[in-house]
Amino acid sequence: MVTHFQQACYDLLKQIPAGKVTTYAEIAHALGGKAYRAVGTAMNKNPNPVIVPCHRVVNSDGRLGQYAFGCERKQHLLESEGVRVVDGKVQDFEQLRFRFN
DNA sequence: CTCATGACTTTTT
DNA sequence: AAAAAAGCCATGA
């Protein structure tokens, strides 16, 4: 089942263009709170991996973080979109970072 | 309602 | 700098 909170997260994710990334904290704040932990939980339950680009969500320090289908898969997906990743960390993270309106 | 848990973040050792 | 602890919050039992 999909809760309202989860749906909100997915809607935000769908706004992120390819080649860009965001953080759990960013999403949580966009939702008006600090539920960054809950955001991760929502991603883990990701119902449609294709429609929702949950691989574009990384930790606040630029690290990749976890991924339901394996963190390696996450890294390759990002690299195939043009995001350079070195030793589990996003390069030029601050620049590639997408900001919500 | 209360309790435990986790794709997190920040502070303190 | 690196590791541990504390703080956070939605979700499911």
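Each chain gets a letter, A, B and so on, in the order the sequences are listed, and its residues count up from 1. As a basis for the values below, the full set of heavy atoms in this structure was taken, side chains included, without hydrogen atoms, waters or symmetry mates.
The distance between atom CZ of A/Phe93 and atom P of B/dT9, rounded to the nearest whole Å, is 9 Å. Taking atom OH of A/Tyr67 as the reference point, atom P of B/dC8 lies 14 Å away to the nearest angstrom. The separation between A/Leu78 atom CG and B/dA7 atom C1' is 13 Å, rounded to whole Å. As rounded to whole Å, 6 Å separates atom P of B/dC8 from atom CD of A/Gln66. A straight line from CD of A/Glu26 to C1' of B/dT9 spans 14 Å, rounded to a whole angstrom. Per the geometry, CG belonging to A/Asp87 stands 11 Å off P belonging to C/dA2, to the nearest Å. Regarding A/Leu13, its CG atom lies at a distance of 16 Å from the P atom of B/dA7, rounded to whole Å. A/Asp61 places its CG atom 13 Å from the P atom of C/dA1, with the value rounded to the nearest Å.
With a 6.0 Å radius and a threshold of 12 heavy atoms from other residues, nucleotides or ligands, A/Glu72 has its CD atom at or below the threshold.
Side-chain atoms of A/Lys34 never come within 3.5 Å of backbone atoms of A/Ala25 as a donor-acceptor pair (strictly under, hydrogens ignored).
For C/dC9, the base has no donor-acceptor partner in the side chain of A/Arg37 [N/O atoms by modelled type, under 3.5 angstrom]. Counting distance only, with no hydrogens placed and no angle test, the side-chain atoms of A/Tyr24 and the base atoms of B/dA7 include a donor-acceptor pair under 3.5 Å.
Taking a pair as Watson-Crick or G-U wobble with both distances under 3.5 Å, the runs of three or more consecutive pairs in DNA chain C are B:2-6 with C:9-13, B:8-13 with C:2-7.
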Practice problem: Determine, stepwise, if the pair A/Tyr36 / A/Ile27 fulfils side-chain contact (heavy atoms from CB on, under 4.5 Å). | Solution: CA-CA 7 Å; A/Tyr36 21 73; A/Ile27 295 176; over 6 Å; no

Quiz prompt | Test side-chain contact (heavy atoms from CB on, under 4.5 Å) applied to A/Val90 and A/Arg84, step by step | solution = CA-CA 6 Å; A/Val90 176; A/Arg84 296 179 305 165; over 6 Å; no

Exercise. Evaluate the side-chain contact (heavy atoms from CB on, under 4.5 Å) criterion for residues A/Val39 and A/Thr41: first the C-alpha distance (whole Å), next the side-chain angles of each, then the deciding distance (0.1 Å), finally the verdict.
Key: CA-CA 5 Å; A/Val39 172; A/Thr41 303; over 6 Å; no

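One finds no side-chain N or O of A/Asn44 lying less than 4.0 angstrom from the OP1 or OP2 phosphate oxygen of B/dG6. OP1 or OP2 of B/dT9 has at least one side-chain nitrogen or oxygen of A/Asn59 nearer than 4.0 Å.
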Check: protein-nucleotides 11-13 of chain C nitrogen or oxygen pairs below 3.5 Å:
{"from": "C/dT11", "atom 1": "OP1", "to": "A/Thr3", "atom 2": "OG1", "distance (Å)": "2.0"}
{"from": "C/dT11", "atom 1": "O3'", "to": "A/Lys45", "atom 2": "NZ", "distance (Å)": "2.7"}
{"from": "C/dG12", "atom 1": "OP1", "to": "A/Lys45", "atom 2": "NZ", "distance (Å)": "3.3"}

For nucleotides 4-6 of chain C, tabulate all protein N/O to nucleotide N/O atom pairs closer than 3.5 Å, reporting atom names and distance.
none

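Residue A/Ala35 places its side chain closer to C/dA10 than to any other of B/dA7, C/dC8, C/dA10.
Contacts of A/Cys54 with the nucleic acid, taken as non-hydrogen atoms under 4.0 Å apart, include base atoms.
Side-chain contact between A/Arg99 and A/Arg97 is present, with heavy atoms from C-beta onward closer than 4.5 Å.
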What pairs of donor and acceptor atoms, side-chain ones from residues 2-14 of chain A against any protein atom, are under 3.5 angstrom apart with sequence neighbours left out?
{"from": "A/Thr3", "atom 1": "OG1", "to": "A/Gln6", "atom 2": "N", "distance (Å)": "3.2"}
{"from": "A/Thr3", "atom 1": "OG1", "to": "A/Gln6", "atom 2": "OE1", "distance (Å)": "3.1"}
{"from": "A/Gln6", "atom 1": "OE1", "to": "A/Thr3", "atom 2": "N", "distance (Å)": "2.9"}
{"from": "A/Gln6", "atom 1": "NE2", "to": "A/Tyr10", "atom 2": "OH", "distance (Å)": "3.4"}
{"from": "A/Gln7", "atom 1": "NE2", "to": "A/Asp11", "atom 2": "OD1", "distance (Å)": "3.3"}
{"from": "A/Tyr10", "atom 1": "OH", "to": "A/Ala42", "atom 2": "O", "distance (Å)": "2.8"}
{"from": "A/Asp11", "atom 1": "OD1", "to": "A/Lys14", "atom 2": "NZ", "distance (Å)": "3.4"}

Could you go through residues 56-64 of chain A and list every donor-acceptor pair under 3.5 Å that involves a side-chain atom there, pairing it with any protein atom two or more places apart or in another chain?
{"from": "A/Arg56", "atom 1": "NE", "to": "A/Glu81", "atom 2": "OE1", "distance (Å)": "2.9"}
{"from": "A/Arg56", "atom 1": "NE", "to": "A/Glu81", "atom 2": "OE2", "distance (Å)": "3.3"}
{"from": "A/Arg56", "atom 1": "NH1", "to": "A/Ile16", "atom 2": "O", "distance (Å)": "2.7"}
{"from": "A/Arg56", "atom 1": "NH2", "to": "A/Glu81", "atom 2": "OE2", "distance (Å)": "2.8"}
{"from": "A/Asp61", "atom 1": "OD1", "to": "A/Arg63", "atom 2": "N", "distance (Å)": "3.2"}

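The aromatic rings of A/Phe100 and A/Phe98 sit perpendicular to each other, their planes meeting at more than 60°, with 30° as the lower class boundary.
Across all their heavy atoms, A/Leu96 and A/Lys20 have their closest contact at O-CD, 3.1 Å.
Evaluation of the salt bridge (charged side-chain N to carboxylate O under 4.0 Å, His left out) rule for A/Arg37 yields no partner, not counting sequence neighbours.
Note that NZ of A/Lys45 is 9.5 Å distant from CE of A/Met1, once rounded to the nearest 0.5 Å.
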